[in-house]
Amino acid sequence: MDKTTENTQSNTTARQVSHRDHARTRPYPKRSYPQRSSPIRAQKRADDIIPSSGENIRVIPLGGVEEIGRNMTMIEYKNDIIVVDMGFMFKDDDTPGVDYILPNTTYLEDRKDKIRGVFITHGHLDHIGGIPYIMDRIGNPPLYTRALTSIMIKKRQDEFPHLPALDIKIVEKEDKIAVGDLKVKFFNVTHTIPDSMGLIIETPYGSIVTPGDIKLDHVDGVPTESEEKEFGKFKDEKVLLLLMDSTNVDNPGFSTPERVVHENLDNIIKNTKGRLIIGTFASQLERIMKIIIIAEKYGKKVVVEGRSMKNNIDIVLHVGMLEVKKDTIITLSEMENYPPDRIVVLATGAQGDEFAALMRMSNKTHKYFRINPRDTVLLSSSIIPGNEKAVQKLKDNLARQGAKIIHYRTSDVYIHSTGHGNRGELEWIHKKIRPKFFMPIHGNHYMLRVHEDLVVSTVGMPKENIIVPDNGSILEIQDKGEKFVMLKEKAPDSMMTVDGFSIGNVQEMVMRDRKMLAQDGIFVVIVSINAKTGKLKKSPDIIARGFVYLRESQELLNHTRMIIKKTVEDTTRDMNPINFDYVKSTLADDVGRFLFQKTAKKPIVIPVILGV
């Protein structure tokens, strides 16, 4: 290989250490816009910094206590670890480009030989979504859950044929499972999906209880007989620690029972003239099943649109939870065989998801379905924070086509109910379970603090018996159940993501660069220079994306080329051999500074220098 080729190849690849060393000696101020990241040191293994739990019971929330989603908690006693739930969270504004955000499982990966089982409370994605990405990393331990949840897990696992088969064990509330020195019992809880369950984990010092996601079935704020019976079992239970859902703790009173929503949907389905299109979460299985049953009662046909909705309905039909006539659920192509007032469409996309069925109907990109002025669209779901604009766009599109829109915020009757208990329900549950210690889970930090205040002010638990954790906090029950403390050490808690085919830590610099690309774009400078003299061989080439429209910015580009020429030739003067890394670093700083002065924008500047 000749020197010219060698220079060309070495200078189109950034060598960060050299860049960093030369930057220390520059005579001008350090630039304020993003630079390439230095190599990241490997994180210490958890075993190197976290002491053994000894005879203590250790509880670590690995996710779900600083956000809504990616719920996962582990409980460790001596040589046994059990894991509760394994969810993911969808990306947010701080994680552009990633697919999902996972709990950090480094602590478990380092101790996979101690994991005796994974227990899944119910089938929503914030509790099961992480299973395909995490189970193999922690040794694929046995997974315990109820029948419906197991089928939903298997259905999702089919999308990952390269993974080893899961060892799924079906449990019911009468069962008692021994896992090492721990025993696990189960109890029914009310949520928006069938087969939801809570866990009672028996330890030598008392029980650890977590209901998972929970609300109460009640009549005007009085829990039903079935709820009284289910929670009556805690009368004789010595509960050491309670971990409980905090999602709706800020809402006063009791939430709307799902039963009331069903009654109102019954009236709407019965009385609607024309087609009724109902948009809701595919995970609202209780409601979806009830809608299908009501439609059949009034002689109406149900069309299901949306892959996740179809999958979930197939599952409940398969397990016998939903029993309807064969011709109640019809295909889209069969819809034309029935008058419009006999059609009910169940569709995904009530959150304004770009490619979901309802959004495609609203913007006329659905291949087989067109909204018309006789249609009624009922949005039976709350708006997830951050989706407000997308939902408004969905409603605007539907309104432009003349459809009547019924939304939970504008409806005179309840057409949606949360799956999480309000403040009054949580208070009732606390008084029934009567734990010695408490750790709030499932919510942002503010929600956990409000939950703490509730327990102190209305239940009367001493504040020193409550710990509000962060993801990765290490909590221990010490002195044979007498003390509840948080260690100064933490389990690894850096962000784990699914990013294309990659699963693991996405470094902060990668996220920062993606945000900068989205905000200010990229500016690529390609310079050919004489490898001996440092003089430019020709005028620099410039490529910009997301920064300025080049055809209308010729004056800026001409000035930039002058900056490039001056910087390169000044930097390489009397430099033999030419240090290409140093020249690139200096060029990126000078061009970036100039562009910021002229445009108040900070694009990522990438210089490519070719030595010829």
Side-chain angles (χ1 to χ4, degrees), residues 40-54 56-67 69-89 95 98-120 125-145 153 156-157 160 162-168 179-182 201 441 469-476 487 489-508 510:
I40 305 296
R41 289 183 180 179
Q43 192 176 31
K44 283 189 175 183
R45 285 175 57 87
D47 286 328
D48 297 335
I49 57 175
I50 299 174
S52 168
S53 59
N56 302 322
I57 299 170
R58 179 170 287 176
V59 180
I60 305 178
L62 300 173
V65 295
E66 295 182 52
E67 62 273 313
R70 61 166 177 164
N71 300 298
M72 186 174 184
T73 303
M74 57 135 286
I75 295 155
E76 179 178 6
Y77 177 64
K78 292 186 177 178
N79 290 317
D80 303 318
I81 292 175
I82 65 173
V83 177
V84 180
D85 291 325
M86 198 172 285
F88 67 28
M89 186 171 75
T95 53
V98 307
D99 299 308
Y100 309 114
I101 304 170
L102 302 174
N104 189 313
T105 55
T106 305
Y107 185 96
L108 293 176
E109 292 168 37
D110 291 339
R111 296 162 177 80
K112 62 176 70 175
D113 58 310
K114 297 175 68 175
I115 302 173
R116 306 294 173 235
V118 174
F119 291 81
I120 303 297
L125 286 175
D126 57 337
H127 292 257
I128 68 170
I131 289 173
Y133 310 108
I134 294 173
M135 282 294 279
D136 193 40
R137 297 169 71 99
I138 64 172
N140 209 21
L143 188 152
Y144 299 88
T145 193
I153 291 169
R156 181 165 170 76
Q157 204 73 6
F160 302 84
H162 62 287
L163 293 176
L166 296 174
D167 180 14
I168 299 180
V179 279
D181 289 337
L182 302 171
I201 301 156
I441 56 174
D470 291 325
N471 293 328
S473 294
I474 301 176
L475 284 60
E476 285 190 351
L487 304 189
E489 297 86 359
K490 285 191 74 175
D493 63 339
S494 58
M495 186 179 295
M496 301 282 287
T497 63
V498 179
D499 193 19
F501 291 120
S502 172
I503 302 172
N505 290 34
V506 174
Q507 300 301 342
E508 184 181 347
V510 175

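In this text, all values refer to a predicted model and were calculated from it rather than measured experimentally.
- Side chain to side chain, S494 and N104 meet the donor-acceptor criterion of an N or O pair below 3.5 Å.
- For D136, the salt bridge (Lys or Arg N to Asp or Glu O under 4.0 Å) test picks out no residue, with sequence neighbours left out.
- Screening T73, I82, I75, L143 against F119 for a side chain to side chain contact (heavy atoms under 4.5 Å, CB included) leaves a single residue, I82.
- For N471, the side chain to side chain donor-acceptor pair (under 3.5 Å) partners are E67, not counting sequence neighbours.
- Looking at heavy atoms from C-beta onward, R156 lies in side-chain contact with L125 at the 4.5 angstrom threshold.
- Minimum interatomic distance between P61 and S473 (heavy atoms only, all atoms of both residues): CD-O, 3.3 Å.
- Taken from CD1 in I134 to CE in M496, the straight-line distance is 7.5 Å, to the nearest 0.5 Å.
- Checking L102, V65, V84, L108 one by one against M72, the side chain to side chain contact (heavy atoms under 4.5 Å, CB included) holds for a single residue, L108.
- Shown here for G117 and Y144, the closest heavy-atom pair between the two residues is CA-CE1, 4.1 Å.
- Remark: D493 CG to I474 CD1 distance equals 10.0 Å, nearest 0.5 Å.
- The side-chain contact (heavy atoms from CB on, under 4.5 Å) test applied to K114 returns E76, N79, I81, R111, not counting sequence neighbours.
- The salt bridge (Lys or Arg N to Asp or Glu O under 4.0 Å) check on E476 picks up R58, with sequence neighbours excluded.
- Considering all non-hydrogen atoms of both residues, P469 and L475 come closest at CB-CD1, 4.1 Å.
- Shown here for P103 and G87, the closest heavy-atom pair between the two residues is CD-O, 3.2 Å.
- Residues I168 and I153 are in side-chain contact: their nearest non-hydrogen atoms beyond the backbone lie under 4.5 Å apart.
- In this structure, the salt bridge (Lys or Arg N to Asp or Glu O under 4.0 Å) partners of R116, at least two apart in sequence or on a different chain, are D80.
- Between V118 and P141, the closest heavy-atom pair is CG2-CG, 3.8 Å.
- Across every non-hydrogen atom of L487 and P51, the tightest pair is CD1-CG, 4.5 Å.
- Rounding to the nearest 0.5 Å gives a distance of 12.0 Å between CG of N71 and CE of M86.
- Scanning for side chain to side chain donor-acceptor pair (under 3.5 Å) contacts around K78 gives an empty result, with sequence neighbours left out.
- Among residues two or more places apart in sequence or in another chain, the side-chain contact (heavy atoms from CB on, under 4.5 Å) test is passed with Q157 by I131, P132, L163, L166.
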Given side chain to side chain contact (heavy atoms under 4.5 Å, CB included), test I115 with M74 step by step and report yes or no.
CA-CA 9 Å; I115 302 173; M74 57 135 286; over 6 Å; no
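- To the nearest 0.5 Å, atom CD1 of residue I50 and atom CD1 of residue I60 are 6.0 Å apart.
- Residues satisfying the salt bridge (Lys or Arg N to Asp or Glu O under 4.0 Å) criterion with E109, sequence neighbours excluded, are R137.
- In this structure, the ring pair (Phe, Tyr, Trp, His ring centres under 6.0 Å) partners of F88, at least two apart in sequence or on a different chain, are F90, Y100.
- Separating the NZ atom in K112 from the CD1 atom in I138 is a distance of 9.0 Å, to the nearest 0.5 Å.
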